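Positions are given from 1, in the same order as the sequence printed here. Fair warning: this is a prediction, and the values are worked out from it, not measured in the lab.
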Amino acid sequence: MKIDKLISRSRKIDCREAESMMEDYLNGRLSDRDLPAFWKHLETCSHCLDALETDFMIERTVQYLNEDAAVDRSYDLTPLLRADMEENKEKLLRRIRRRNIRRIITFLTILLLALLVLDLLGIFRITVSMDQLLRGIGI
């Protein structure tokens, strides 16, 4: 699933709700359910995007001030915010893929168990005797 499709299908939120999500977003705690709606809102609301950029810049500046001063770094943090948002989108897609794989594995496991129970009850045969197997391959 493409992230743009996920974002476009997400629920609509207002500025108040987006602003209440900013701290969780910056701390990596915004839920997978809320992330697409948050990004969707930022695509259309320059006010909230500016507020997020400001909060992001303050947080990163404090981190930079606490780090080694000898490190050469850019103080233009807007590209860093964009990169952070793209990285979070990729992380969300990976989590969704893993969740879908787990669902498929769970479904197949339940299906196999159901078939085994049906086989044990004699309702549906999935086991084959060695004689049947040898006859089936022509030996």
Side-chain angles (χ1 to χ4, degrees):
M1 172 183 284
K2 300 254 186 230
I3 194 69
D4 296 332
K5 189 175 183 180
L6 184 65
I7 291 171
S8 69
R9 287 197 266 151
S10 66
R11 65 190 174 91
K12 187 169 175 58
I13 61 172
D14 59 18
C15 291
R16 182 186 51 76
E17 191 172 359
E19 288 171 0
S20 72
M21 295 176 174
M22 286 184 194
E23 184 177 345
D24 285 339
Y25 177 79
L26 290 171
N27 293 319
R29 293 189 314 252
L30 195 58
S31 73
D32 290 354
R33 187 181 70 81
D34 289 335
L35 275 169
F38 182 70
W39 289 321
K40 182 178 185 176
H41 182 78
L42 292 177
E43 288 177 353
T44 59
C45 182
S46 60
H47 169 74
C48 287
L49 183 58
D50 288 344
L52 179 66
E53 286 177 350
T54 301
D55 291 349
F56 181 81
M57 289 179 192
I58 291 169
E59 180 181 301
R60 287 295 171 101
T61 301
V62 170
Q63 287 177 1
Y64 282 175
L65 292 174
N66 290 332
E67 292 175 357
D68 183 10
V71 175
D72 183 32
R73 57 177 84 80
S74 168
Y75 289 98
D76 182 11
L77 298 175
T78 301
L80 290 176
L81 174 60
R82 303 274 184 227
D84 184 69
M85 290 173 73
E86 289 304 314
E87 181 181 333
N88 284 327
K89 288 177 183 179
E90 289 301 317
K91 286 178 182 178
L92 175 62
L93 284 177
R94 284 193 299 273
R95 286 192 303 268
I96 290 171
R97 285 184 194 116
R98 281 193 305 267
R99 191 177 313 130
N100 288 340
I101 289 170
R102 282 193 305 269
R103 287 177 180 159
I104 291 169
I105 291 170
T106 301
F107 170 77
L108 292 175
T109 302
I110 291 169
L111 179 63
L112 179 61
L113 289 172
L115 290 173
L116 288 173
V117 168
L118 291 173
D119 183 52
L120 288 172
L121 296 173
I123 298 171
F124 181 78
R125 282 281 164 216
I126 58 172
T127 56
V128 178
S129 70
M130 187 57 84
D131 290 338
Q132 290 171 323
L133 181 61
L134 294 175
R135 273 184 272 144
I137 60 173
I139 297 179

*Asks:* Can you tell me if CD on Glu23 sees more than 12 non-hydrogen neighbours from other groups inside 6.0 Å?
*Replies:* no
*Asks:* Please enumerate all residues that pass salt bridge (charged side-chain N to carboxylate O under 4.0 Å, His left out) together with Glu86, with sequence neighbours excluded.
*Replies:* Lys89
*Asks:* Is Pro36 close to Arg9 at the side-chain level, that is, under 4.5 Å between some pair of heavy atoms?
*Replies:* no
*Asks:* Look at the side-chain heavy atoms of Ile, Leu, Val, Met, Phe, Trp and Tyr, link any pair under 4.5 Å apart, and say whether Leu116 and Leu111 land in one connected group.
*Replies:* yes
*Asks:* Under 4.5 Å between any side-chain heavy atoms of Leu35 and Lys91, yes or no?
*Replies:* no
*Asks:* To the nearest 0.5 angstrom, please state how far the CG atom of Leu93 sits from the CD atom of Glu90.
*Replies:* 5.5 Å
*Asks:* In Å, rounded to the nearest 0.5 Å, how long is the span from OG of Ser20 to CD1 of Ile13?
*Replies:* 7.5 Å
*Asks:* Calculate, to the nearest 0.5 Å, the distance between atoms CG and CG belonging to Leu26 and Leu81 respectively.
*Replies:* 7.5 Å
*Asks:* Nearest 0.5 Å, please: how far is CD1 in Ile101 from OG1 in Thr106?
*Replies:* 11.5 Å
*Asks:* Hey, could you give me the NZ/OG1 distance between Lys12 and Thr44, rounded to the nearest 0.5 Å?
*Replies:* 5.5 Å
*Asks:* Which residue is it: Arg99, Arg97, Arg94, Arg98? I am looking for the one with a salt bridge (charged side-chain N to carboxylate O under 4.0 Å, His left out) to Asp32.
*Replies:* Arg99
*Asks:* Would you check if His41 and Cys15 make a side-chain contact, meaning some heavy-atom pair closer than 4.5 Å?
*Replies:* yes
*Asks:* Is there a path from Leu118 to Leu120 through hydrophobic residues (I, L, V, M, F, W, Y) whose side chains come within less than 4.5 Å of each other?
*Replies:* no
*Asks:* When you group the ILVMFWY residues by side-chain heavy-atom contacts below 4.5 Å and let the links chain together, are Ile105 and Ile96 in the same group?
*Replies:* no
*Asks:* Quick one: list whatever passes side-chain hydrogen bond (donor to acceptor under 3.5 Å, both in side chains) with Arg11, sequence neighbours left out.
*Replies:* Glu17, Asp34
*Asks:* Report, as yes or no, whether the 6.0 Å neighbourhood of atom CZ on Arg16 holds more than 12 heavy atoms from other residues, nucleotides or ligands.
*Replies:* no
*Asks:* Quick one: do Val117 and Ile110 end up in the same hydrophobic cluster if we chain Ile, Leu, Val, Met, Phe, Trp and Tyr together by side-chain heavy atoms under 4.5 Å apart?
*Replies:* no
*Asks:* Using the side chain to side chain contact (heavy atoms under 4.5 Å, CB included) rule, pick out the option among Met21, Met22, Met57, Glu19 that qualifies with Leu52.
*Replies:* Met22
*Asks:* Mind checking whether Lys40 and Ser8 have side chains closer than 4.5 Å, heavy atoms only?
*Replies:* no
*Asks:* Testing the 3.5 Å rule here: is there a donor-acceptor pair between the side chains of Tyr25 and Asn88?
*Replies:* yes
